[in-house]
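Computed over heavy atoms, backbone and side chain alike; hydrogens, waters and symmetry mates excluded. Quick note on labels: first sequence line is chain A, next is B, and so on, each numbered from 1.
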There are 2 protein chains.
Amino acid sequence: MRHDVRVRETTAGPATGGYAKGRIRREDIITAAVAVYGEAGYHGSSLREIAKRAGITHAGLLYYFPTKEALLAAVLERRDAEDAEREQLQAAPGVDVLRHFLALAEHNVRHPGIVDLYSRLAAEAVAEDHPAHDYFVRHYRAAREGVVGSFRALADRGELRPGVDPAAAALTFVALMDGLQVQWLTTPDEVDLVGSLRFYLGGLLTVPLG
Amino acid sequence: MRHDVRVRETTAGPATGGYAKGRIRREDIITAAVAVYGEAGYHGSSLREIAKRAGITHAGLLYYFPTKEALLAAVLERRDAEDAEREQLQAAPGVDVLRHFLALAEHNVRHPGIVDLYSRLAAEAVAEDHPAHDYFVRHYRAAREGVVGSFRALADRGELRPGVDPAAAALTFVALMDGLQVQWLTTPDEVDLVGSLRFYLGGLLTVPLG
DNA sequence: CCTACCGATCGGTAGG
DNA sequence: CCTACCGATCGGTAGG
């Protein structure tokens with residue numbers, strides 16, 4: 001993997017370590033980048049457009065993030081931080097984790113920009129030399145592992161329909177979330193994102209989702 | 001929709017109407033475009049790279065396809081023609097149609113370039129002003145309608161598990177195919193594309209898939 | 001953080 | 001189909 005994103009280096013930089021103005025500026029730039037990546041993809045985005053939305057020049061942006069890739073790393077880093085924060089409140093493996101994913105889907109429906117960013121980046125990052133490729137490899141693994149634990153716990157309690165393989169159910173669930181997002185973004189009025197996830201899970205469980 | 005792809009105009013052009021050399025050249029260019037779109041996406045592709053793979057200059061390419069969008073239209077046009085050809089042999093609505101989709105998935109696993117192209121384009125074309133947006137709107141509608149008919153036929157024959165909504169099952173099936181493709185391209189060794197589709201369908205049907 | 005610049009690359013055109 | 005070119009835009013750097 002040639003272009004690994006070194007998330008750690010991103011936190012270093014001229015404006016870290018206590019200067020509030022610089023920290024705010026960095027956050028503004030990341031917010032602008034999320035929006036532009038969602039609209040144009042990573043490769044289709046220009047530092048000039050992102051900088052303009054953050055109210056600086058593209059050379060000014062490069063003062064905070066030395067390369068285009070460093071900015072992408074910071075965007076993914078913040079996303080992980082936000083996800084981790086949300087999962088602080090997470091329940092033990094089981095039906096509560098699945099409810100948590102439904103809540104995440106409800107959150108996403110209200111924030112199409114995030115869904116846009118994620119879907120576009122995931123499709124781009126399929127290429128092995130994409131700077132976010134390793135991020136998505138890890139992301140998918142973590143997502144599957146997080147869900148499979150819950151399906152196993154459900155199976156142990158007899159809350160999973162007999163014969164259902166937890167690993168297959170988990171992989172399929174993660175794929176379904178991704179596929180629904182693209183289809184929903186393309187034809188929002190014709191796709192019930194949360195309802196479809198409920199439909200899928202309802203067919204696997206012997207207990208109600210609530 | 002501003003940038004509608006006018007597929008019809010693409011068939012017009014200097015090399016249509018009987019000149020075998022020109023027709024072959026056009027096909028070569030489309031083949032090269034499919035490969036490059038799959039690797040770099042539509043926006044990330046350059047006419048120069050596509051032309052180089054077809055053995056001509058980018059100005060030469062523009063002799064056959066007057067704009068970048070006209071080439072995209074031709075690529076989608078050929079894909080539809082190939083799909084239509086395959087569906088000539090199609091069975092009546094029911095379990096055979098689902099088997100047909102499993103066969104398509106098996107075909108896709110052996111042709112990752114096609115999957116790459118489709119996944120990247122679908123994610124890009126989420127944007128309303130993308131030249132392939134309308135294509136994917138129609139594509140998703142057609143896919144759902146094709147599948148829902150089969151689930152309804154299965155339900156009529158009691159081959160669908162009781163309480164399963166055919167429309168939800170169809171939407172979910174199409175989304176699952178898409179989501180699996182991206183996850184499979186990202187981590188091929190960790191995703192069983194065809195097996196996951198079988199898992200999903202097996203949970204819905206009361207008859208074996210074979 | 002900015003102005004000013006660099007080399008590279010883009011889609012498209014002129015003119016054969 | 002090619003050579004030669006156009007204006008626009010890209011990421012990144014120099015120098016302050």
Side-chain angles (χ1 to χ4, degrees), chain A residues 2-3 5 9-10 12-30 32-33 36-37 39-75 124 129-132, chain B residues 2-3 5 9-10 12-30 32-33 36-37 39-75 124 129-132:
Chain A
R2 277 170 295 162
H3 296 287
V5 178
E9 279 184 28
T10 314
T16 335
Y19 296 103
K21 201 169 123 194
R23 251 183 291 119
I24 289 169
R25 199 55 114 185
R26 288 173 62 89
E27 289 305 312
D28 288 348
I29 294 169
I30 292 172
V36 178
Y37 290 173
E39 292 168 25
Y42 168 70
H43 285 308
S45 299
S46 73
L47 297 179
R48 281 168 175 84
E49 175 62 26
I50 295 166
K52 196 165 84 180
R53 298 205 197 181
I56 57 174
T57 64
H58 95 283
L61 187 158
L62 288 165
Y63 168 76
Y64 288 100
F65 301 96
T67 65
K68 197 184 182 189
E69 277 191 30
L71 177 55
L72 173 61
V75 165
E124 274 189 16
D129 63 348
H130 191 285
Chain B
R2 277 171 294 164
H3 296 288
V5 177
E9 280 184 26
T10 314
T16 335
Y19 297 102
K21 201 169 121 195
R23 250 182 292 120
I24 290 169
R25 198 55 115 185
R26 286 174 63 89
E27 289 304 311
D28 287 349
I29 294 169
I30 292 172
V36 178
Y37 289 172
E39 292 169 25
Y42 169 69
H43 284 307
S45 299
S46 74
L47 297 179
R48 281 167 174 86
E49 176 61 27
I50 295 166
K52 196 165 85 180
R53 298 206 197 183
I56 57 174
T57 65
H58 94 283
L61 187 159
L62 287 165
Y63 168 75
Y64 288 99
F65 301 96
T67 65
K68 197 183 182 190
E69 277 191 31
L71 177 55
L72 173 61
V75 165
E124 274 189 17
D129 63 347
H130 191 284

Measuring from B/Tyr64:OH to B/Ile56:CD1, what's the distance to the nearest 0.5 Å?
7.0 Å
Is any side-chain heavy atom of B/Phe65 closer than 4.5 Å to a side-chain heavy atom of B/Leu47?
no
Look up atom CG in A/Leu71 and atom CG in A/Leu62, then write down how far apart they are to the nearest 0.5 Å.
9.0 Å
Side-chain touch A/Tyr37/A/Leu72, heavy atoms, less than 4.5 angstrom
yes
side-chain hydrogen bond (donor to acceptor under 3.5 Å, both in side chains) pairs, two or more places apart, involving residues 46-59 of chain B:
B/Glu39-B/Arg53, B/Glu49-B/Arg53
Examine distances only and state if a side-chain atom of A/Glu124 and a backbone atom of A/Tyr42 form a donor-acceptor pair shorter than 3.5 Å.
yes
Give each stem of DNA chain C as a range with a range, requiring at least 3 consecutive Watson-Crick or G-U wobble pairs whose two distances are under 3.5 Å.
C:1-16 with D:1-16
To the nearest 0.5 Å, atom CG of B/Leu61 lies from atom CZ of B/Arg26 at 10.5 Å
For nucleotides 3-16 of chain C, give me one character per nucleotide, 5' to 3': B if any protein heavy atom sits under 4.0 Å from the base, S if the only such contacts are to the sugar-phosphate, - if neither.
B-B----BBBB---
